Q: 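Quick one: the structure is below, questions incoming.
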Amino acid sequence: MADNVVLLDFWPSSYGMRVKIALEEKGITYECRQEDFQAKSSLLLEMNPIHKLIPVLIHNGKPVCESLNVIEYIDEVWNYKPSLLPSDPYKRSQARFWGDYIDKNVYSIRRKVWIGKGKEQEESKKKFIECLKTLEQELGDKPYFGGEEFGYVDVALIPFTSWFYTYEIYGKLNIEEECPKLVTWAKRCMEKESVAKSLPHPHKIYGFAKQYKQRHGLE
Amino acid sequence: MAQVKLHGFWYSPFTLRVVLTLKLKGIPYENIEEDRFNKSPQLLEYNPVHKKTPVLVHDGKPLCESMIIVEYIDEKWPQYPLLPVDPYERAQARFWVKYADEMIPAVGALFSSSGVEERENSINKIWEHLKVVEQHCFGYEKNIFGGNTINIVDIAFGSAIKFLITIEDIIEVKILDAEKFPHLHSWFNNFKDAPVINENLPDHQKVVAFIKSLLQKSLQSS
(Lines give C-alpha, C1' and ligand atoms only; values in the text may rest on other atoms or scores of the structure.)
Protein backbone atom coordinates (compact mmCIF):
# COMPACT_ATOMS: atom_id res chain seq x y z
CA MET A 1 0.00 0.00 0.00
CA ALA A 2 1.41 3.39 -0.94
CA ASP A 3 1.98 5.86 1.86
CA ASN A 4 -0.48 8.69 2.11
CA VAL A 5 1.28 11.82 3.35
CA VAL A 6 -0.43 15.16 3.87
CA LEU A 7 1.17 18.29 5.31
CA LEU A 8 -1.01 20.99 6.86
CA ASP A 9 0.98 24.14 6.31
CA PHE A 10 0.97 27.92 6.19
CA TRP A 11 3.43 29.07 3.54
CA PRO A 12 5.27 31.85 5.47
CA SER A 13 5.84 29.56 8.47
CA SER A 14 9.45 28.60 9.10
CA TYR A 15 8.17 25.53 10.92
CA GLY A 16 6.23 24.34 7.89
CA MET A 17 9.32 24.88 5.75
CA ARG A 18 11.33 22.58 8.03
CA VAL A 19 8.97 19.70 7.31
CA LYS A 20 8.92 20.40 3.57
CA ILE A 21 12.71 20.28 3.46
CA ALA A 22 12.74 16.97 5.34
CA LEU A 23 10.13 15.46 2.99
CA GLU A 24 12.02 16.70 -0.07
CA GLU A 25 15.34 15.36 1.27
CA LYS A 26 13.78 11.91 1.50
CA GLY A 27 11.99 12.19 -1.83
CA ILE A 28 8.60 11.59 -0.21
CA THR A 29 5.50 12.38 -2.27
CA TYR A 30 3.07 14.44 -0.25
CA GLU A 31 0.05 16.68 -0.55
CA CYS A 32 0.47 20.16 0.90
CA ARG A 33 -2.68 21.87 2.19
CA GLN A 34 -2.59 25.55 3.08
CA GLU A 35 -4.31 26.63 6.27
CA ASP A 36 -5.93 29.99 6.84
CA PHE A 37 -5.33 31.21 10.38
CA GLN A 38 -8.49 33.30 10.29
CA ALA A 39 -10.47 30.12 9.53
CA LYS A 40 -8.70 26.93 10.57
CA SER A 41 -9.93 23.81 8.81
CA SER A 42 -11.83 21.13 10.72
CA LEU A 43 -9.05 18.74 9.72
CA LEU A 44 -6.42 20.87 11.49
CA LEU A 45 -8.57 21.17 14.61
CA GLU A 46 -9.10 17.41 14.58
CA MET A 47 -5.45 16.53 13.92
CA ASN A 48 -3.94 19.02 16.37
CA PRO A 49 -6.65 19.66 18.94
CA ILE A 50 -4.21 20.74 21.63
CA HIS A 51 -2.26 23.49 19.91
CA LYS A 52 -4.36 23.98 16.74
CA LEU A 53 -1.17 24.92 14.90
CA ILE A 54 0.71 23.90 11.79
CA PRO A 55 2.74 22.08 10.69
CA VAL A 56 0.93 18.80 11.09
CA LEU A 57 2.12 15.79 9.17
CA ILE A 58 -0.68 13.31 8.55
CA HIS A 59 0.76 9.91 7.66
CA ASN A 60 -1.84 7.36 6.61
CA GLY A 61 -4.43 9.32 8.57
CA LYS A 62 -2.37 9.64 11.78
CA PRO A 63 -1.13 13.09 12.85
CA VAL A 64 2.35 14.06 14.02
CA CYS A 65 2.78 17.58 15.42
CA GLU A 66 5.67 19.87 16.41
CA SER A 67 8.13 20.43 13.56
CA LEU A 68 11.29 19.02 15.17
CA ASN A 69 9.29 16.00 16.30
CA VAL A 70 8.10 15.57 12.70
CA ILE A 71 11.69 15.64 11.40
CA GLU A 72 12.66 12.82 13.79
CA TYR A 73 9.56 10.88 12.79
CA ILE A 74 10.31 11.23 9.08
CA ASP A 75 13.91 10.14 9.65
CA GLU A 76 12.77 7.08 11.63
CA VAL A 77 10.03 5.93 9.26
CA TRP A 78 11.84 6.60 5.98
CA ASN A 79 15.09 5.38 7.41
CA TYR A 80 17.15 5.41 4.24
CA LYS A 81 19.80 7.94 3.28
CA PRO A 82 20.11 10.83 3.42
CA SER A 83 19.82 10.59 7.22
CA LEU A 84 18.65 13.74 8.90
CA LEU A 85 19.99 12.86 12.37
CA PRO A 86 23.44 11.45 13.12
CA SER A 87 23.61 7.75 14.06
CA ASP A 88 25.89 8.35 17.06
CA PRO A 89 23.83 8.99 20.23
CA TYR A 90 26.15 11.75 21.49
CA LYS A 91 26.08 13.62 18.16
CA ARG A 92 22.30 13.14 18.12
CA SER A 93 22.00 14.72 21.54
CA GLN A 94 24.07 17.68 20.32
CA ALA A 95 21.80 18.08 17.27
CA ARG A 96 18.72 18.03 19.51
CA PHE A 97 20.34 20.56 21.85
CA TRP A 98 20.81 23.05 19.02
CA GLY A 99 17.34 22.40 17.62
CA ASP A 100 15.98 23.16 21.09
CA TYR A 101 18.17 26.29 21.33
CA ILE A 102 16.84 27.58 18.02
CA ASP A 103 13.25 26.96 19.10
CA LYS A 104 13.69 28.60 22.49
CA ASN A 105 15.59 31.65 21.26
CA VAL A 106 15.16 32.48 17.60
CA TYR A 107 11.37 32.21 17.52
CA SER A 108 10.51 34.28 20.57
CA ILE A 109 13.01 37.04 19.81
CA ARG A 110 12.53 37.44 16.06
CA ARG A 111 8.90 38.47 16.24
CA LYS A 112 9.79 41.57 18.22
CA VAL A 113 12.48 42.40 15.67
CA TRP A 114 9.93 42.91 12.88
CA ILE A 115 6.84 43.85 14.89
CA GLY A 116 8.31 45.52 17.97
CA LYS A 117 8.96 49.23 18.40
CA GLY A 118 11.31 51.46 20.37
CA LYS A 119 13.27 50.03 23.28
CA GLU A 120 11.63 46.59 23.01
CA GLN A 121 12.70 46.29 19.39
CA GLU A 122 16.24 47.49 20.13
CA GLU A 123 16.65 44.92 22.92
CA SER A 124 15.24 42.17 20.72
CA LYS A 125 17.60 43.10 17.85
CA LYS A 126 20.56 42.83 20.20
CA LYS A 127 19.40 39.43 21.53
CA PHE A 128 18.66 38.21 18.02
CA ILE A 129 22.15 39.01 16.74
CA GLU A 130 23.69 37.45 19.87
CA CYS A 131 21.70 34.32 19.21
CA LEU A 132 22.81 34.17 15.57
CA LYS A 133 26.43 34.72 16.65
CA THR A 134 26.17 31.82 19.10
CA LEU A 135 24.91 29.64 16.27
CA GLU A 136 27.65 30.93 13.99
CA GLN A 137 30.22 29.96 16.62
CA GLU A 138 28.75 26.48 16.81
CA LEU A 139 28.91 26.18 13.02
CA GLY A 140 32.59 27.15 13.04
CA ASP A 141 34.34 26.21 9.84
CA LYS A 142 32.13 23.22 9.07
CA PRO A 143 30.11 23.31 5.84
CA TYR A 144 26.97 22.32 7.77
CA PHE A 145 26.06 22.20 11.45
CA GLY A 146 26.33 18.42 11.47
CA GLY A 147 29.68 18.45 9.67
CA GLU A 148 30.06 17.35 6.07
CA GLU A 149 26.41 16.42 5.66
CA PHE A 150 23.29 18.60 5.69
CA GLY A 151 21.12 17.56 8.64
CA TYR A 152 18.74 18.23 11.49
CA VAL A 153 20.17 21.52 12.77
CA ASP A 154 20.52 22.91 9.25
CA VAL A 155 16.88 21.96 8.57
CA ALA A 156 15.85 23.57 11.87
CA LEU A 157 17.56 26.90 11.16
CA ILE A 158 17.58 27.50 7.39
CA PRO A 159 13.86 28.42 7.08
CA PHE A 160 14.37 31.48 9.29
CA THR A 161 16.77 32.86 6.68
CA SER A 162 13.85 33.44 4.31
CA TRP A 163 12.77 36.02 6.89
CA PHE A 164 16.19 37.74 7.12
CA TYR A 165 15.30 40.35 4.50
CA THR A 166 12.15 41.24 6.50
CA TYR A 167 14.13 41.49 9.77
CA GLU A 168 16.71 43.68 8.04
CA ILE A 169 14.12 46.09 6.64
CA TYR A 170 12.04 46.45 9.81
CA GLY A 171 14.92 46.08 12.25
CA LYS A 172 17.42 48.15 10.25
CA LEU A 173 19.92 45.33 10.52
CA ASN A 174 22.67 44.03 8.30
CA ILE A 175 22.84 40.34 9.09
CA GLU A 176 25.61 39.58 6.59
CA GLU A 177 27.82 42.19 8.28
CA GLU A 178 27.12 40.78 11.73
CA CYS A 179 27.26 37.07 10.83
CA PRO A 180 29.09 36.57 7.53
CA LYS A 181 29.81 32.85 8.08
CA LEU A 182 26.16 32.15 8.80
CA VAL A 183 25.07 33.93 5.63
CA THR A 184 27.62 31.88 3.64
CA TRP A 185 26.19 28.74 5.23
CA ALA A 186 22.68 29.86 4.25
CA LYS A 187 23.73 30.35 0.62
CA ARG A 188 25.32 26.89 0.65
CA CYS A 189 22.06 25.37 1.93
CA MET A 190 20.04 27.22 -0.71
CA GLU A 191 22.04 25.36 -3.38
CA LYS A 192 20.31 22.19 -2.27
CA GLU A 193 17.16 21.44 -4.23
CA SER A 194 15.21 20.42 -1.11
CA VAL A 195 15.84 23.83 0.45
CA ALA A 196 15.39 25.94 -2.69
CA LYS A 197 12.04 24.23 -3.33
CA SER A 198 10.79 24.72 0.23
CA LEU A 199 11.70 28.32 1.03
CA PRO A 200 9.65 31.17 -0.42
CA HIS A 201 11.54 34.12 -1.90
CA PRO A 202 12.47 36.61 0.87
CA HIS A 203 10.60 39.39 -0.95
CA LYS A 204 7.43 37.31 -0.84
CA ILE A 205 7.88 36.92 2.93
CA TYR A 206 8.39 40.68 3.21
CA GLY A 207 5.16 41.24 1.28
CA PHE A 208 3.34 38.96 3.70
CA ALA A 209 4.87 40.73 6.73
CA LYS A 210 3.93 44.16 5.36
CA GLN A 211 0.33 43.09 4.76
CA TYR A 212 0.16 41.49 8.22
CA LYS A 213 1.37 44.68 9.88
CA GLN A 214 -1.04 46.85 7.89
CA ARG A 215 -3.98 44.57 8.66
CA HIS A 216 -3.21 44.66 12.39
CA GLY A 217 -2.42 48.37 12.50
CA LEU A 218 1.23 47.76 13.31
CA GLU A 219 2.91 49.77 10.52
CA MET B 1 37.35 8.44 37.45
CA ALA B 2 33.60 7.75 37.35
CA GLN B 3 32.26 7.21 33.85
CA VAL B 4 29.03 9.07 34.50
CA LYS B 5 28.77 12.31 36.46
CA LEU B 6 25.71 14.40 37.10
CA HIS B 7 25.88 18.09 37.98
CA GLY B 8 22.54 19.09 39.46
CA PHE B 9 20.41 20.54 42.19
CA TRP B 10 18.80 17.99 44.55
CA TYR B 11 15.58 20.05 44.63
CA SER B 12 15.23 20.67 40.88
CA PRO B 13 12.55 18.90 38.81
CA PHE B 14 14.96 18.92 35.85
CA THR B 15 17.75 17.17 37.75
CA LEU B 16 15.15 14.75 39.14
CA ARG B 17 14.34 13.54 35.61
CA VAL B 18 17.93 12.51 35.04
CA VAL B 19 18.28 10.93 38.52
CA LEU B 20 15.14 8.81 38.00
CA THR B 21 16.37 7.71 34.57
CA LEU B 22 19.79 6.67 35.88
CA LYS B 23 18.25 4.85 38.84
CA LEU B 24 15.61 3.02 36.75
CA LYS B 25 18.35 1.75 34.48
CA GLY B 26 20.67 0.90 37.37
CA ILE B 27 23.46 3.12 36.05
CA PRO B 28 26.11 4.02 38.64
CA TYR B 29 27.09 7.69 38.65
CA GLU B 30 28.85 10.34 40.67
CA ASN B 31 26.50 13.06 41.89
CA ILE B 32 27.94 16.58 41.98
CA GLU B 33 25.73 18.96 43.91
CA GLU B 34 25.90 22.47 42.45
CA ASP B 35 25.19 25.70 44.31
CA ARG B 36 22.95 27.96 42.24
CA PHE B 37 24.57 31.04 43.80
CA ASN B 38 28.08 29.79 43.17
CA LYS B 39 28.16 27.53 40.13
CA SER B 40 31.31 25.50 39.62
CA PRO B 41 33.73 26.52 36.85
CA GLN B 42 33.28 23.00 35.48
CA LEU B 43 29.54 23.52 35.07
CA LEU B 44 30.06 26.83 33.29
CA GLU B 45 32.58 25.14 30.99
CA TYR B 46 30.25 22.22 30.27
CA ASN B 47 27.19 24.38 29.64
CA PRO B 48 28.46 27.72 28.36
CA VAL B 49 25.26 28.45 26.44
CA HIS B 50 22.70 28.16 29.26
CA LYS B 51 24.95 27.84 32.38
CA LYS B 52 22.27 25.62 33.93
CA THR B 53 21.84 22.24 35.53
CA PRO B 54 21.43 19.38 34.97
CA VAL B 55 24.55 18.51 33.03
CA LEU B 56 25.45 14.88 32.48
CA VAL B 57 29.08 14.12 31.75
CA HIS B 58 29.66 10.76 30.09
CA ASP B 59 33.26 9.76 29.45
CA GLY B 60 34.23 13.41 29.70
CA LYS B 61 31.59 14.60 27.19
CA PRO B 62 28.90 16.97 28.49
CA LEU B 63 25.18 16.82 27.75
CA CYS B 64 22.62 19.51 28.62
CA GLU B 65 18.83 19.91 28.79
CA SER B 66 17.07 17.33 30.95
CA MET B 67 14.90 15.51 28.40
CA ILE B 68 17.71 15.48 25.82
CA ILE B 69 19.89 13.85 28.49
CA VAL B 70 17.12 11.32 29.25
CA GLU B 71 16.85 10.34 25.55
CA TYR B 72 20.63 10.00 25.32
CA ILE B 73 20.74 7.72 28.38
CA ASP B 74 17.91 5.66 26.89
CA GLU B 75 19.85 5.23 23.64
CA LYS B 76 23.16 4.33 25.29
CA TRP B 77 21.76 2.00 27.97
CA PRO B 78 18.94 -0.04 26.44
CA GLN B 79 17.85 -1.85 29.65
CA TYR B 80 14.51 -0.58 30.99
CA PRO B 81 13.63 1.19 27.72
CA LEU B 82 11.82 4.49 28.22
CA LEU B 83 10.63 5.13 24.67
CA PRO B 84 8.32 2.93 22.58
CA VAL B 85 9.78 1.13 19.58
CA ASP B 86 7.17 2.18 17.01
CA PRO B 87 8.03 5.54 15.36
CA TYR B 88 4.46 6.86 15.62
CA GLU B 89 4.27 5.98 19.33
CA ARG B 90 7.67 7.61 19.81
CA ALA B 91 6.43 10.78 18.12
CA GLN B 92 3.45 10.84 20.49
CA ALA B 93 5.74 10.34 23.49
CA ARG B 94 7.98 13.21 22.38
CA PHE B 95 4.94 15.43 21.86
CA TRP B 96 3.84 14.87 25.48
CA VAL B 97 7.39 15.30 26.79
CA LYS B 98 7.44 18.74 25.15
CA TYR B 99 4.03 19.49 26.67
CA ALA B 100 5.31 18.57 30.14
CA ASP B 101 8.27 20.86 29.54
CA GLU B 102 5.86 23.74 28.90
CA MET B 103 4.20 23.07 32.25
CA ILE B 104 7.25 23.60 34.42
CA PRO B 105 7.76 27.31 33.60
CA ALA B 106 4.01 27.79 34.22
CA VAL B 107 4.51 26.38 37.72
CA GLY B 108 7.61 28.54 38.16
CA ALA B 109 5.56 31.60 37.14
CA LEU B 110 3.01 30.73 39.82
CA PHE B 111 5.78 30.51 42.37
CA SER B 112 7.13 33.94 41.53
CA SER B 113 3.77 35.64 40.91
CA SER B 114 2.93 38.65 43.02
CA GLY B 115 -0.58 39.90 43.61
CA VAL B 116 -3.91 38.15 43.40
CA GLU B 117 -4.53 38.68 39.67
CA GLU B 118 -1.11 37.39 38.59
CA ARG B 119 -1.50 34.38 40.83
CA GLU B 120 -4.97 33.59 39.47
CA ASN B 121 -3.71 33.87 35.89
CA SER B 122 -0.86 31.47 36.67
CA ILE B 123 -3.22 28.99 38.30
CA ASN B 124 -5.58 29.14 35.31
CA LYS B 125 -2.68 28.48 32.93
CA ILE B 126 -1.66 25.41 34.93
CA TRP B 127 -5.28 24.20 35.06
CA GLU B 128 -5.50 24.46 31.27
CA HIS B 129 -2.40 22.28 30.97
CA LEU B 130 -3.69 19.75 33.49
CA LYS B 131 -7.07 19.59 31.77
CA VAL B 132 -5.44 18.72 28.46
CA VAL B 133 -3.39 15.94 30.04
CA GLU B 134 -6.39 14.62 31.98
CA GLN B 135 -8.44 14.53 28.78
CA HIS B 136 -5.93 13.23 26.28
CA CYS B 137 -3.36 11.08 28.01
CA PHE B 138 -5.04 8.32 29.87
CA GLY B 139 -5.59 4.92 28.40
CA TYR B 140 -5.04 3.17 31.69
CA GLU B 141 -5.16 4.77 35.07
CA LYS B 142 -1.82 3.58 36.30
CA ASN B 143 0.74 4.96 33.84
CA ILE B 144 0.25 7.86 31.50
CA PHE B 145 1.37 6.11 28.45
CA GLY B 146 -0.51 2.90 28.76
CA GLY B 147 2.33 0.55 29.56
CA ASN B 148 2.95 -1.26 32.80
CA THR B 149 6.35 0.27 33.30
CA ILE B 150 7.45 3.82 33.89
CA ASN B 151 8.31 5.51 30.61
CA ILE B 152 9.68 8.82 29.37
CA VAL B 153 6.32 10.60 29.54
CA ASP B 154 5.86 9.50 33.17
CA ILE B 155 9.30 10.87 33.98
CA ALA B 156 8.62 14.17 32.19
CA PHE B 157 5.26 14.71 33.90
CA GLY B 158 6.22 13.12 37.20
CA SER B 159 8.92 15.68 37.82
CA ALA B 160 6.62 18.54 36.76
CA ILE B 161 3.83 17.39 39.09
CA LYS B 162 6.30 16.86 41.95
CA PHE B 163 7.34 20.50 41.49
CA LEU B 164 3.69 21.56 41.40
CA ILE B 165 2.78 19.87 44.68
CA THR B 166 5.81 21.51 46.31
CA ILE B 167 4.59 24.93 45.22
CA GLU B 168 1.04 24.05 46.32
CA ASP B 169 2.34 23.60 49.87
CA ILE B 170 4.27 26.85 49.82
CA ILE B 171 1.46 29.06 48.55
CA GLU B 172 -1.18 26.94 50.32
CA VAL B 173 -3.40 26.47 47.28
CA LYS B 174 -4.57 23.08 46.03
CA ILE B 175 -4.26 22.94 42.25
CA LEU B 176 -4.06 19.25 41.40
CA ASP B 177 -7.52 18.58 42.75
CA ALA B 178 -8.54 14.90 42.94
CA GLU B 179 -12.10 15.77 41.93
CA LYS B 180 -11.14 17.92 38.97
CA PHE B 181 -8.32 15.63 37.77
CA PRO B 182 -9.13 12.09 38.92
CA HIS B 183 -6.88 10.28 36.39
CA LEU B 184 -3.91 12.56 36.90
CA HIS B 185 -4.27 12.44 40.68
CA SER B 186 -4.47 8.65 40.73
CA TRP B 187 -1.60 8.36 38.26
CA PHE B 188 0.68 10.58 40.36
CA ASN B 189 -0.10 8.59 43.51
CA ASN B 190 0.92 5.41 41.68
CA PHE B 191 3.98 7.06 40.18
CA LYS B 192 5.42 8.41 43.43
CA ASP B 193 4.93 5.06 45.19
CA ALA B 194 6.44 2.97 42.39
CA PRO B 195 9.70 1.12 43.19
CA VAL B 196 12.85 3.11 42.43
CA ILE B 197 10.79 6.30 42.02
CA ASN B 198 9.70 6.15 45.63
CA GLU B 199 13.29 5.88 46.96
CA ASN B 200 14.60 8.69 44.75
CA LEU B 201 12.11 11.51 45.03
CA PRO B 202 13.52 14.25 47.24
CA ASP B 203 11.85 14.44 50.65
CA HIS B 204 8.73 16.61 50.32
CA GLN B 205 9.14 18.63 53.52
CA LYS B 206 12.80 19.25 52.78
CA VAL B 207 12.05 20.52 49.28
CA VAL B 208 9.22 22.75 50.50
CA ALA B 209 11.46 24.27 53.18
CA PHE B 210 14.32 24.81 50.75
CA ILE B 211 12.25 26.39 47.96
CA LYS B 212 10.60 28.63 50.59
CA SER B 213 14.03 29.79 51.69
CA LEU B 214 14.97 30.47 48.04
CA LEU B 215 11.88 32.62 47.67
CA GLN B 216 12.72 34.55 50.83
CA LYS B 217 16.27 35.04 49.63
CA SER B 218 15.11 36.45 46.30
CA LEU B 219 12.57 38.77 48.01
CA GLN B 220 15.31 40.08 50.27
CA SER B 221 17.63 40.87 47.41
CA SER B 222 15.01 42.52 45.16
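These numbers were taken from a predicted model, which means no experiment stands behind them.
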Q: Within residues 35-53 of chain A, which residues come under 4.5 Å of chain B, heavy atom to heavy atom?
A: A:P49, A:I50, A:H51
Q: Checking an interface table here. Which of residues 75-102 of chain A come within a heavy-atom distance under 4.5 Å of chain B?
A: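 A:E76, A:V77, A:P89, A:Y90, A:R92, A:S93, A:Q94, A:R96, A:F97, A:W98, A:D100, A:Y101 fall under the 4.5 Å cut-off.
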Q: For A:E31, I'd like to know if atom CD has over 12 heavy atoms of other residues, nucleotides or ligands within 6.0 Å.
A: yes
Q: If you draw a 6.0 Å radius around NZ in A:K192, do more than 12 non-hydrogen atoms from other residues or ligands fall strictly inside?
A: yes
Q: So does B:K125 have more than 12 non-hydrogen atoms from other groups sitting under 6.0 Å from NZ?
A: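 Atom NZ in B:K125 is not crowded, with 12 or fewer foreign heavy atoms closer than 6.0 Å.
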Q: Tabulate, in ascending numerical order, the residues of residues 115-130 of chain A having at least one heavy atom closer than 4.5 Å to a heavy atom of chain B, or enter 'none'.
A: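 At a heavy-atom separation under 4.5 Å, chain B is reached by no residue of residues 115-130 of chain A.
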Q: When you look at CD of B:Q79, are more than 12 heavy atoms from neighbouring residues, nucleotides or ligands closer to it than 6.0 Å?
A: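 Yes, the 6.0 Å shell around CD holds more than 12 heavy atoms from other groups.
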Q: Might you confirm whether atom NZ of A:K197 has over 12 heavy atoms from other residues, nucleotides or ligands at distances under 6.0 Å?
A: no
Q: With a sphere of 6.0 Å drawn around CD of B:E33, does it hold more than 12 non-hydrogen atoms of other residues, nucleotides or ligands?
A: yes
Q: Sort by residue number and list every residue of residues 149-160 of chain A having at least one heavy atom under 4.5 Å from chain B.
A: none
Q: Under a 4.5 Å cutoff for heavy-atom pairs, which residue among B:H50, B:K76, B:K61 has the most contacts with chain A?
A: B:K61
Q: Identify which part of B:E102 has an atom lying under 4.5 Å from any heavy atom of chain A, answering side chain, backbone, both or neither.
A: side chain
Q: Would you find more than 12 non-hydrogen atoms of other residues, nucleotides or ligands less than 6.0 Å from A:K26 atom NZ?
A: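 For A:K26, atom NZ is crowded (more than 12 foreign heavy atoms under 6.0 Å).
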Q: Select, from A:Q137, A:E66, A:E138, the one with the greatest count of heavy-atom pairs under 4.5 Å involving chain B.
A: A:E66
Q: Which pair of non-hydrogen atoms, one from A:N69 and one from B:A91, has the smallest distance, and what is that distance?
A: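 The pair with the smallest heavy-atom distance is ND2-O, 3.0 Å.
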